[in-house]
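Have a look at the structure below, then the notes.
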Amino acid sequence: MRILFMGTPDFAASVLDRISEYPDDTIVGVLTQPDKPRGRGYELAQSAVKKLALEKNIPVYQPETLRDNAFLPELNALDPELIIVAAYGKILPLYVLDYPKYGCINVHGSLLPKYRGAAPIQRSIIDGETVTGITIMKMAKGLDTGDMMLKRTVEITENDNFETLHDKMALCARDAVSEAIKLIREGKDVYEAQDDSLATYAEKITKDDCFIDFDTDAKSVHNRIRGLSPIPLAYSYLDSKMIKFTSSVIVSTDGENAPESIGKITAAVGDLITVACRKGSIGITGVLPEGKKRMSAADFIRGQQDLAGKKLTAK
RNA sequence: CGCGGAGUGGAGCAGUCUGGUUAGCUCGUCGGGCUCAUAACCCGGAGGUCAGGAGGUUCAAAUCCCCUCUCCGCAC
């Protein structure tokens, strides 16, 4: 089958890595987001998918826009029979969706119709979910609203963070996609409509999402920290400097704390910085201070004086 | 040339603004002691050309000036 792949981040690259190995299929091309000046010094950065595609000598296309038939000439030339989309980051116009004989298949990182949108993996951890999964669906006009073809569940353990869950999801996604391709090839693909009334949305993670409000229970704080680790990382401010948290443990879930002590560092001993939440307290085990490198709580404590008693604040 | 922080014994930091005795702290490490025992405690030791430049200023530079390299945070 002639397959056109569309995707951008790591998650998508993992899927591409798998399907590009199948002898029965040919990846005729890859669409990914254009290189953009990113990072310190505004250096041009290539997407994970682009890097992989270049390694595998797959033609890469990086159109700024697909609208107004902008990609139609290339589409005609590539003539894909199936389009597979995984976190591409652009809306596909109808002329693209309708082109391939077998349609456009999307790999999404949640059990739809829950967590439609850009950041399902992070959001599911932040919300404290214990199960999530991969859904393969036929793409429709709306955002992640298409009819579903197959689902695979993935367990979220208490110690999963964005990275570990992401990796599990990526592995699962590769399997799901290859199975989907097989079903399509055999004509055994069947679809089920989503129940829109159960839909929830996992919006893109913003800076506001990363700020930790300790005025909540310890578990929520922990979920936020792990859901955003190792990137972009949850943060707060200590002595007017930003400090991010790379990992944490729940110290206690009980005990209401007085409003004035919320966010206060109650202890900084060994490898644990204990912070009071509204309910219970959280133990920070890894930090990234502004201008510094990632380090363990123990290292941070060593270099600080009188950590205990200080307060984590909003700016 | 987007903004900013930082390079000091193995680790994390202080000292730099207001140059000047043996470069300090919390750990780690090595040796010894105490102890039924210990990651605890006590004593002692090793380990640094203060990122680099046979640069500049000075009687004197980790500290002030210049150049290079590297790392990092923000923003995008």
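Naming convention: chains lettered A, B, ... in sequence-line order (proteins, then strands); numbering from 1 in each chain. Remember, predicted model here, so these are calculated numbers, not experimental data.
- No contact: A:Pro289 has no heavy atom under 4.0 Å from any strand.
- Atom CE of A:Met242 is separated from atom P of B:rG73 by 11 Å (rounded to the nearest Å).
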**Request:** Could you give me the CA-CA distance, side-chain angles and deciding distance for A:Asp144 and A:Tyr201, then say whether side-chain contact (heavy atoms from CB on, under 4.5 Å) is met?
**Result:** CA-CA 10 Å; A:Asp144 297 327; A:Tyr201 287 86; over 6 Å; no
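- Regarding contacts with the backbone of B:rA75, a side-chain N or O of A:Lys207 is found under 4.0 angstrom from either OP1 or OP2.
- Here the CG-CG distance, from A:Asn69 to A:Leu66, works out to 10.5 Å after rounding to the nearest 0.5 Å.
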**Request:** Give the intermediate values and the outcome of side-chain contact (heavy atoms from CB on, under 4.5 Å) for residues A:Arg278 and A:Asp217.
**Result:** CA-CA 6 Å; A:Arg278 185 172 70 211; A:Asp217 59 293; 6.0 Å; no
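- The separation between A:Leu233 atom CG and B:rA75 atom C1' is 16 Å, rounded to whole Å.
- Here, B:rC64 and B:rG20 have their P atoms 11 Å apart, quoted to the whole Å.
- Checking B:rC13, B:rC3, B:rC71 against the side-chain heavy atoms of A:Lys293 singles out B:rC71 as nearest.
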**Fill in**
For RNA chain B, the expected dot-bracket line (Watson-Crick or G-U under 3.5 Å, [ ] crossing, | inter-strand) is .(((((((.[[[[.)....(...]]]].(((((.......))))).....[[[.[[..)....]]]]]))))))..
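- Between B:rC72 and A:Arg294, no contact under 4.0 Å exists linking OP1 or OP2 to a side-chain N or O.
- A salt bridge (charged side-chain N to carboxylate O under 4.0 Å, His left out) with A:Asp25 is found for exactly one of A:Arg2, A:Arg185, A:Arg18, namely A:Arg185.
- Atom name P, nucleotides B:rA23 and B:rA51: the rounded distance is 16 Å, in whole Å.
- When the C1' atom is compared between B:rU35 and B:rC43, the two are found 15 Å apart, to the nearest whole Å.
- The separation between A:Met295 atom CE and B:rG73 atom P is 11 Å, rounded to whole Å.
- Residue A:Gly270 is out of contact with every strand shown, counting any heavy-atom pair closer than 4.0 Å.
- Of the candidates A:Ile284, A:Ile273, A:Ile301, A:Thr274, A:Ile273 is the only one forming a side chain to side chain contact (heavy atoms under 4.5 Å, CB included) with A:Ile265.
- With hydrogens and angles left out, the side-chain atoms of A:Thr206 and A:Asp209 include a donor and acceptor closer than 3.5 Å.
- Between A:Gln62 and the options A:Asp35, A:Thr32, A:Thr8, a side-chain hydrogen bond (donor to acceptor under 3.5 Å, both in side chains) holds for only A:Asp35.
- Note: CZ (A:Arg302) to P (B:rC27) measures 9 Å, nearest angstrom.
- A gap of 14 Å separates the P atoms of B:rU63 and B:rU8, to the nearest Å.
- Nearest-nucleotide positions on RNA chain B place A:Tyr42 closer to the 5' end than the other of A:Tyr42 and A:Gly291.
- Looking at which nucleotide of RNA chain B each of A:Leu288 and A:Ile301 is closest to, the 5′-most match is held by A:Ile301.
- One can place CG of A:Leu307 at 15 Å from C1' of B:rC27, the figure rounded to the nearest angstrom.
- In this structure, A:Lys292 reaches the B:rC13 phosphate: one of its side-chain N or O atoms is under 4.0 Å from OP1 or OP2.
- Straight-line distance from the CG atom of A:Asp299 to the C1' atom of B:rC25: 15 Å, rounded to whole Å.
- The separation of B:rC69 from B:rG28, taken at their C1' atoms, amounts to 29 Å, rounded to a whole angstrom.
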**Request:** Please lay out, stage by stage, how A:Phe245 and A:Leu288 fare under the test side-chain contact (heavy atoms from CB on, under 4.5 Å).
**Result:** CA-CA 6 Å; A:Phe245 307 116; A:Leu288 172 54; over 6 Å; no
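- In this structure, A:Phe300 atom CZ and B:rA14 atom P are separated by 11 Å, rounded to whole Å.
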